[in-house]
Amino acid sequence: LSSIALLYLGQLDSRSGKRLLRKLGARDDAPLEAQFHLGKALIKSRRTRREGKKQLERFVQSAEDGPLRDEAQRLLKR
């Protein structure tokens, strides 16, 4: 998926969007941004918050410095 498609998926709050991001994140060749967008979507819900934090933590460990990494760190501090 392109970065634009990932950005769009990251904005979705629907179950289908989260399901698609989960499938993408499970692939070895998935773009690193998929972890960020999945974590961001999941952390919003009390039910999926723990899974969202794990995704964001993995993203922060692997990502280079930049705006997405900064945003992930802010989300983790909440």
Checklist line | Which residues share a side-chain hydrogen bond (donor to acceptor under 3.5 Å, both in side chains) with Glu57, sequence neighbours left out | finding: none

Next item on the list: Find out if a path of hydrophobic residues (ILVMFWY) with successive side-chain heavy-atom gaps under 4.5 Å connects Phe59 to Leu42.
Entry: no

Margin query: I need the Glu33 CD to Leu38 CG distance, nearest 0.5 Å.
Written below: 13.0 Å

Check: Side-chain donor-acceptor pair under 3.5 Å between Gln61 and Arg58, yes or no?
Finding: no

Checklist line | Residue list, side chain to side chain contact (heavy atoms under 4.5 Å, CB included) with Arg46, at least two apart or on another chain | finding: none

Compile the donor-acceptor pairs under 3.5 Å between side chains in residues 65-78 and protein atoms, sequence neighbours left out, one pair per line.
unit_1: Asp65; atom_1: OD1; unit_2: Arg69; atom_2: NH1; d: 3.0
unit_1: Arg69; atom_1: NE; unit_2: Val60; atom_2: O; d: 3.0
unit_1: Arg69; atom_1: NE; unit_2: Ala63; atom_2: O; d: 3.3
unit_1: Arg69; atom_1: NH2; unit_2: Val60; atom_2: O; d: 3.3
unit_1: Glu71; atom_1: OE2; unit_2: Lys40; atom_2: NZ; d: 3.1

